[in-house]
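Report on the structure given below.
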Amino acid sequence: MRRQRIVASLLYLVMPADGQQHPKEIERLRLILSDDFDLDEFELAQLMDIARQAEPREHALQKMASILQEEVSREETLEMLSHMWEMVFADGRVHELEVVFVERVARLLKLSQTDVANVMTSGR
């Protein structure tokens, strides 16, 4: 459950990075979480509520990244990064601050710029 909360929080935090939350981004997040974690509507609503409370502060991001590094495989980490790119592209506009946020999280997860670029281009 802790991994689910962290992934949901990081994905949620992509949305407000550009100062806006688009309904398409919310819908994309709901689809990703329900598919990846096989959640029913009640569980999804709970996870979305937890994600809404996530703090984009550096300390909080470092802690989430540290936990993920301990608990998930490299493949799962890259999959989450791919989902972050899905969130960036969900509203049809790519904002520089969203890209910066994804790259920031990738650095905290100790992923290379090559990983970031490869995942971005393969996930489009």
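Every heavy atom of this structure was used, including side-chain atoms; hydrogens, water molecules and symmetry mates were not.
- For the pairing with M80, the side-chain contact (heavy atoms from CB on, under 4.5 Å) check across I32, V119, L109, V72 returns one residue only, L109.
- Looking only at side-chain heavy atoms (C-beta outward), F101 and H95 stay at 4.5 Å or farther from each other.
- When all heavy atoms are compared, the tightest approach of E98 to D91 is OE2-OD2, 4.4 Å.
- One finds the CD atom of Q4 at 8.5 Å from the CG atom of L33 (value rounded to the nearest 0.5 Å).
- K24 places none of its side-chain heavy atoms less than 4.5 Å from the side chain of R28.
- E25 places a side-chain N or O within 3.5 Å of a backbone atom of H22 that can act as its donor or acceptor partner.
- When all heavy atoms of L29 and A8 are compared, the pair lying nearest together is CD1-O, 4.5 Å.
- Put simply, V105 and V100 are part of two different groups of oily side chains (I, L, V, M, F, W, Y) that touch within less than 4.5 Å, one to the next.
- At least one donor-acceptor pair under 3.5 Å links the side chain of S34 to the backbone N or O of R30.
- With hydrogens and angles disregarded, no donor-acceptor distance shorter than 3.5 Å links the side chain of E71 to the backbone of L68.
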task: List the steps, then state whether side chain to side chain donor-acceptor pair (under 3.5 Å) holds for R93 with Q20.
output: CA-CA 11 Å; R93 296 182 325 237; Q20 300 177 19; 2.9 Å; yes
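- The closest donor-acceptor contact from the side chain of D49 to the backbone of Q46 lies at 3.5 Å or more, if one exists at all.
- Side-chain contact, H59 with Q62: no donor N or O sits under 3.5 Å from an acceptor N or O.
- Annotation: side chain of R107 is in contact with side chain of E103 (closest heavy-atom distance under 4.5 Å).
- Distance check: D115 CG to T77 OG1 gives 10.0 Å after rounding to the nearest 0.5 Å.
- No single ILVMFWY cluster, assembled from side-chain heavy atoms under 4.5 Å apart, contains both L31 and L81.
- Looking at S82, its side chain never comes within 3.5 Å of a backbone N or O of L78 through a donor-acceptor pair.
- In the hydrophobic clustering of this structure, M84 does not group with L97; members are Ile, Leu, Val, Met, Phe, Trp, Tyr whose side-chain heavy atoms approach within less than 4.5 Å, directly or through other members.
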field: Working for side-chain contact (heavy atoms from CB on, under 4.5 Å), residues V88 and D18
entry: CA-CA 9 Å; V88 169; D18 66 355; over 6 Å; no
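- Between the CG atom in L10 and the CE atom in M64 there is a gap of 4.5 Å [rounded to 0.5 Å].
- Under the 4.5 Å side-chain heavy-atom criterion for grouping Ile, Leu, Val, Met, Phe, Trp and Tyr, I67 is connected to Y12 within one hydrophobic cluster.
- Between V14 and H83, the closest side-chain pair of non-hydrogen atoms is not below 4.5 Å.
- Of all heavy-atom pairs between R5 and S9, the closest is O-OG, 2.8 Å.
- Residues D40 and L44 form no side-chain contact, since every pair of their non-hydrogen atoms from C-beta on lies 4.5 Å or further apart.
- No salt bridge links D36 with R3; every basic N to acidic carboxylate O contact stays at or beyond 4.0 Å.
- Heavy-atom contacts from other residues, nucleotides or ligands closer than 6.0 Å to CZ of R74 number 12 or fewer.
- In this structure, R104 pairs ionically with E58, as a charged nitrogen and a carboxylate oxygen lie closer than 4.0 Å.
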